[in-house]
*Asks:* 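After the structure tokens below, expect a handful of questions from me.
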4 protein chains.
Amino acid sequence: MAVGRKSIGARRNPDSAEAILEAAEAVLLENGYSGFSIEAVARRARAGKPTIYRWWPGKAALLLAVYQRQKRDVVYSDSGDLEEDLFRFLKSLFHQWHDTPAGEIFRSLVAEAQSDSDAAKALAEYAAGRRVHTGQLVARAQARGEVRPGVDATQVADLVASYAWVHLLTGRIDENDETIRRAVGYIVSGVSNRETEAPDQTHGSP
Amino acid sequence: MAVGRKSIGARRNPDSAEAILEAAEAVLLENGYSGFSIEAVARRARAGKPTIYRWWPGKAALLLAVYQRQKRDVVYSDSGDLEEDLFRFLKSLFHQWHDTPAGEIFRSLVAEAQSDSDAAKALAEYAAGRRVHTGQLVARAQARGEVRPGVDATQVADLVASYAWVHLLTGRIDENDETIRRAVGYIVSGVSNRETEAPDQTHGSP
Amino acid sequence: MAVGRKSIGARRNPDSAEAILEAAEAVLLENGYSGFSIEAVARRARAGKPTIYRWWPGKAALLLAVYQRQKRDVVYSDSGDLEEDLFRFLKSLFHQWHDTPAGEIFRSLVAEAQSDSDAAKALAEYAAGRRVHTGQLVARAQARGEVRPGVDATQVADLVASYAWVHLLTGRIDENDETIRRAVGYIVSGVSNRETEAPDQTHGSP
Amino acid sequence: MAVGRKSIGARRNPDSAEAILEAAEAVLLENGYSGFSIEAVARRARAGKPTIYRWWPGKAALLLAVYQRQKRDVVYSDSGDLEEDLFRFLKSLFHQWHDTPAGEIFRSLVAEAQSDSDAAKALAEYAAGRRVHTGQLVARAQARGEVRPGVDATQVADLVASYAWVHLLTGRIDENDETIRRAVGYIVSGVSNRETEAPDQTHGSP
DNA sequence: ACCTAAGCGAGACGGTACGTCTCGTCTTGCG
DNA sequence: CGCAAGACGAGACGTACCGTCTCGCTTAGGT
């Protein structure tokens with residue numbers, strides 16, 4: 001906690017930016033989105049409000065910066081089985097959202113995006129990027145013939161991501177493995193090439 | 001617009017409640033969620049703030065009431081084809097969200113739920129209810145053998161609803177028909193019983 | 001505490017009036033003037049607000065009624081010595097203000113009179129009446145030749161009453177006897193007929 | 001009327017304080033004590049409410065500040081005759097209370113002091129100071145042998161001030177000269193050293 | 001014996017003010 | 001020129017009372 005941080009002359013002090021982001025994350029974690037205010041962040045960071053506004057135009061931008069600062073180490077496995085890959089991806093994502101500030105931050109960002117157009121734009125761009133990224137899992141499966149050729153990989157990713165988002169937004173990121181796997185199964189078998197298979201006899205065929 | 005609305009005795013005046021909900025909806029539409037405040041609603045409804053607080057504990061509850069007041073005439077068709085039914089459902093939902101205040105209200109409600117636990121609880125309950133409801137479409141298809149026996153109808157509804165929610169929250173409710181139909185197709189064929197079918201050659205191979 | 005008090009037909013129920021005045025006094029005593037509100041009185045008296053407003057036009061009138069309801073047993077002695085009579089009067093008044101709700105009530109009434117013209121009018125009338133009344137002490141002394149003929153008895157009473165009021169309003173009703181007696185002495189010897197007397201060598205010349 | 005008043009850095013802006021006090025005085029004058037509210041003052045001063053609360057803890061403190069801001073130029077003459085001095089003092093005081101906002105402000109302050117202990121304390125201190133101050137008139141007369149040695153000058157001032165206060169509080173500051181002079185006469189001759197005099201043949205002996 | 005008139009408790013109504021919070025802007029003085 | 005600091009105008013928050021209104025009830029007095 002940088003105490004007595006001062007100006008480093010006529011230029012931007014990166015320590016301040018860092019302290020602000022850290023404080024923002026801490027405030028978000030401790031008091032939730034409703035307690036997240038520029039004032040609170042400034043107080044916590046021992047920074048002046050103008051210093052925050054100088055670097056980020058407002059709450060939304062700060063929130064976004066906090067989210068992007070999170071090092072995202074979601075697993076993008078390549079087991080050779082799309083269903084397994086997507087399951088692991090969701091598990092990893094839910095785990096990250098559950099055990100790190102990332103979930104709270106992302107929730108806040110989505111909320112903010114509903115009233116702030118800048119945040120909305122940023123979120124849309126971010127989401128599109130993630131869809132393409134996650135879509136590569138599907139595209140890979142498609143390349144090895146696991147998925148039918150005509151399938152839109154990005155849209156499959158959209159379905160998976162939407163499932164994850166809504167679980168986050170409705171407080172269901174502690175969903176059990178079986179349920180997650182089943183959901184993934186519905187999607188994967190919907191795009192699968194293995195037509196003869198009779199997948200997902202959920203509760204086990206004898 | 002009831003002018004000079006007064007007390008009707010020692011009990012709630014439905015006119016006031018109605019005027020407040022109407023005003024809330026109007027404020028939300030005109031100024032968006034960020035401009036939605038109890039003060040603004042009171043002003044618009046020509047009601048005292050305490051009158052609002054008497055009936056709704058806060059912003060979240062009012063928002064929820066406004067949403068529930070919306071007469072929801074989403075189409076739950078029964079065409080005998082699940083894919084068609086779900087497509088029509090999504091189309092109808094997107095249309096309602098796009099052309100009536102419902103979309104803006106629901107966006108606001110989801111946002112509110114990220115910081116207000118009452119709203120979160122209410123939203124969770126509401127969402128669960130809708131999943132069951134929409135799930136009946138799937139259950140019906142299951143009953144007529146269109147969907148495999150082991151499939152969890154509610155969870156299929158969850159996938160469909162999640163797709164819709166995220167589209168709303170990321171400003172994509174003007175999604176084109178083909179894309180929607182494709183997404184539905186992925187899910188439906190994933191739970192379908194018609195194993196021999198080669199579904200969804202989306203862009204049609206000649 | 002009259003429970004379940006009801007209407008007694010098409011006329012005022014004295015029990016209600018009584019209960020209201022009693023409640024008003026109690027509220028004033030317990031919470032002071034700042035906590036004295038029609039709502040609080042109604043609550044305490046288990047009376048409807050309109051019942052209060054039906055009989056008293058507002059806070060001021062109620063306050064006045066409460067004050068007048070106090071049985072005032074201020075001593076108007078007739079010792080044959082004006083100074084003694086006035087001293088006893090002040091002592092009695094201070095004692096009453098100190099040991100009964102009367103003081104708090106009167107303070108409140110004076111305060112109310114500064115913003116409410118009805119209370120002001122009522123207070124003025126009341127004060128004028130008291131001046132005349134107390135003036136009789138002086139007039140009696142005048143009749144027996146103790147006070148000079150030209151002296152305005154009412155005005156003397158005014159001086160004495162003013163002294164008392166200001167002591168009440170500035171929290172000095174616990175003034176010690178000697179001081180009170182001295183003040184009275186100044187006034188009385190100012191109107192006295194005994195010109196040869198050298199009165200009130202307070203701190204005693206031997 | 002300072003328009004577009006802004007912050008002048010991390011310290012109090014005297015313009016704001018001044019504007020607030022001025023507005024407070026104006027509100028008090030125009031709407032009386034009953035119309036005197038922090039909101040009204042803020043509105044009139046084009047100031048935010050927190051700016052007021054930052055500098056004054058509440059209504060009472062603001063009222064007191066407004067009163068103290070009044071430049072008090074009450075006449076303290078030294079004619080060599082105590083009766084004349086006190087008469088002129090009262091005349092000057094009544095005139096000030098009548099023709100400037102001072103009277104309304106002081107009335108309000110006394111009223112406030114009946115429900116607010118801070119105001120009560122401040123008023124008590126102020127009043128004590130004034131008694132000492134006015135007492136100097138008497139002490140001076142005492143020094144030149146006009147007043148008996150044992151007399152408590154402060155207490156005489158108390159009598160005079162009480163007379164004035166109560167006249168203010170009961171709307172009698174337009175009292176005629178003769179009456180005022182007579183009242184002063186009663187007090188002065190009560191403490192006078194001139195024992196042979198037959199003062200105050202008020203309505204004239206032929 | 002019925003009817004009507006008024007009082008009763010209750011509590012909702014449209015308002016205003018309270019004192020606190022955060023917003024985003026502004027200006028200082030130090031480094 | 002960046003920085004911490006914090007005051008500024010603005011306005012929303014949720015609560016307390018204001019004085020008015022209407023309800024459903026009681027009861028008495030006039031018919």
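Chain A is the first sequence line, chain B the second, and so forth, proteins listed ahead of strands; every chain is numbered from 1.
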*Asks:* Nearest whole Å is fine: how far is F:dA5 C1' from D:Asn13 CG?
*Replies:*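 Interatomic distance, CG of D:Asn13 to C1' of F:dA5: 16 Å.
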*Asks:* Please report, rounded to the nearest Å, how far the P atom of E:dT27 is from the CZ atom of D:Arg11.
*Replies:*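 In whole Å, E:dT27 P and D:Arg11 CZ are 11 Å from each other.
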*Asks:* From the set F:dA5, F:dA4, F:dT22, return the single nucleotide nearest to any side-chain atom of C:Pro50.
*Replies:*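 Of the candidates, F:dT22 comes closest.
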*Asks:* Choose from E:dG9, E:dC13, F:dA7 the nucleotide whose nearest atom is closest to any side-chain atom of B:Ser16.
*Replies:*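 Looking only at heavy atoms from C-beta outward on B:Ser16, the closest nucleotide is E:dC13.
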*Asks:* Rounding to a whole Å, what distance do you find between B:Ile52:CD1 and E:dA12:P?
*Replies:*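 Answer to the nearest Å: 15 Å.
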*Asks:* Using only heavy-atom distances, decide whether a donor-acceptor pair under 3.5 angstrom links the side-chain of B:Lys49 to the base of E:dG15.
*Replies:*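 No, the side chain and the base share no sub-3.5 Å donor-acceptor pair.
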*Asks:* Between A:Gly48 and C:Arg54, which has a closest nucleotide on DNA chain F that is more 5'?
*Replies:*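 Per heavy-atom nearest nucleotide, the more 5' residue is A:Gly48.
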*Asks:* If we count only N and O atoms by modelled type, under 3.5 Å, do the side chains of D:Glu112 and D:Tyr33 hold a donor and an acceptor together?
*Replies:*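 Side-chain D/A pair, D:Glu112 to D:Tyr33: present.
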*Asks:* Atom CZ of D:Arg12 to atom P of E:dG29: distance rounded to whole Å?
*Replies:*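 So the CZ-P distance, D:Arg12 to E:dG29, works out to 17 Å.
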*Asks:* Would you kindly compare C:Ala47 and D:Ile38 by the position of their nearest DNA chain E nucleotide and give the one closer to the 5′ end?
*Replies:*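 Looking at the nearest nucleotide for each, C:Ala47 comes out on the 5' side.
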*Asks:* When you measure from the side chain of B:Arg46, which nucleotide among E:dG15, E:dG7, F:dC13 comes out closest?
*Replies:*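 Closest nucleotide among those given: E:dG15.
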*Asks:* Between B:Arg5 and E:dA12, does any side-chain N or O lie under 4.0 Å from OP1 or OP2?
*Replies:*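 So the side-chain polar atoms of B:Arg5 never come under 4.0 Å of the phosphate oxygens OP1 or OP2 of E:dA12.
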*Asks:* Closest approach to the side chain of C:Trp55, judged atom by atom: which nucleotide of E:dC8, E:dG9, F:dG9 is it?
*Replies:*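 The nucleotide sitting nearest to the side chain is E:dC8.
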*Asks:* By nearest atom, which of the nucleotides E:dC13, F:dA5, E:dC18 is closest to the D:Glu39 side chain?
*Replies:*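 Nucleotide nearest to D:Glu39's side chain: E:dC18.
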*Asks:* Report the residues that fulfil salt bridge (charged side-chain N to carboxylate O under 4.0 Å, His left out) with A:Lys121, sequence neighbours left out, ordered by chain and then residue number.
*Replies:*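 Salt bridge (charged side-chain N to carboxylate O under 4.0 Å, His left out) list for A:Lys121, sorted by chain: A:Glu125.
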*Asks:* How long is the line joining CH2 of B:Trp56 and P of F:dC13, in whole Å?
*Replies:*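 The answer, rounded to whole Å, is 15 Å.
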*Asks:* Between E:dA17 and D:Arg43, is there an OP1 or OP2 to side-chain N/O distance shorter than 4.0 Å?
*Replies:*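 For E:dA17, OP1/OP2 do have a side-chain N/O of D:Arg43 under 4.0 Å.
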*Asks:* Sequence neighbours left out, what passes side-chain contact (heavy atoms from CB on, under 4.5 Å) with A:Ala122? Give chain and number order.
*Replies:*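 A:Ala122 satisfies side-chain contact (heavy atoms from CB on, under 4.5 Å) with A:Leu64 only.
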*Asks:* Could you give the CD1-to-P distance, from A:Ile20 to F:dA5, as a whole number of Å?
*Replies:*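 Between P of F:dA5 and CD1 of A:Ile20: 12 Å.
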*Asks:* Whole Å only: how far is the CZ atom of B:Phe36 from the C1' atom of F:dC13?
*Replies:*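 Result: 14 Å.
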*Asks:* Look up atom CH2 in C:Trp56 and atom CG in C:Leu21, then write down how far apart they are to the nearest 0.5 Å.
*Replies:*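 One finds 4.0 Å between CH2 of C:Trp56 and CG of C:Leu21.
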*Asks:* Nearest-nucleotide wise, let me know which of D:Lys6 and B:Lys59 is further upstream toward the 5' end of DNA chain F.
*Replies:*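 First, find each residue's nearest nucleotide; the 5'-ward one identifies D:Lys6.
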*Asks:* Distance from D:Ser16 atom OG to D:Ile8 atom CD1, nearest 0.5 Å?
*Replies:*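 Between D:Ser16 OG and D:Ile8 CD1, I get 8.0 Å after rounding to 0.5 Å.
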*Asks:* For A:Arg44, run the salt bridge (Lys or Arg N to Asp or Glu O under 4.0 Å) check against A:Glu22, A:Glu30, A:Glu25 and tell me which one passes.
*Replies:*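 Only one option passes, and that is A:Glu30.
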*Asks:* What's the closest nucleotide to the side chain of B:Ser7 if the choices are E:dC13, E:dC18, E:dA10?
*Replies:*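 The answer is E:dC13.
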*Asks:* Report the distance from atom CZ of D:Arg44 to atom P of E:dA17, rounded to the nearest whole Å.
*Replies:*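 Computing the D:Arg44:CZ to E:dA17:P distance gives 14 Å.
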*Asks:* Can you identify which nucleotide, out of F:dC13, E:dC13, F:dG9, has its nearest atom closest to the B:Ser37 side chain?
*Replies:*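 For B:Ser37, the side-chain atoms sit closest to F:dC13.
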*Asks:* Does F:dA7 have OP1 or OP2 under 4.0 Å away from a side-chain N or O of D:Thr51?
*Replies:*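 Checking D:Thr51 against F:dA7: no side-chain N or O falls below 4.0 Å of OP1 or OP2.
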*Asks:* Select from A:Ala40 and B:Gly9 the residue whose nearest nucleotide in DNA chain E is closer to the 5' end of that strand.
*Replies:*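 The residue whose closest nucleotide sits nearer the 5' end is B:Gly9.
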*Asks:* Quick one: which of F:dC18, E:dT25, F:dA12 gets closest to the side chain of C:Tyr53?
*Replies:*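 Within the option list, the nearest is F:dC18.
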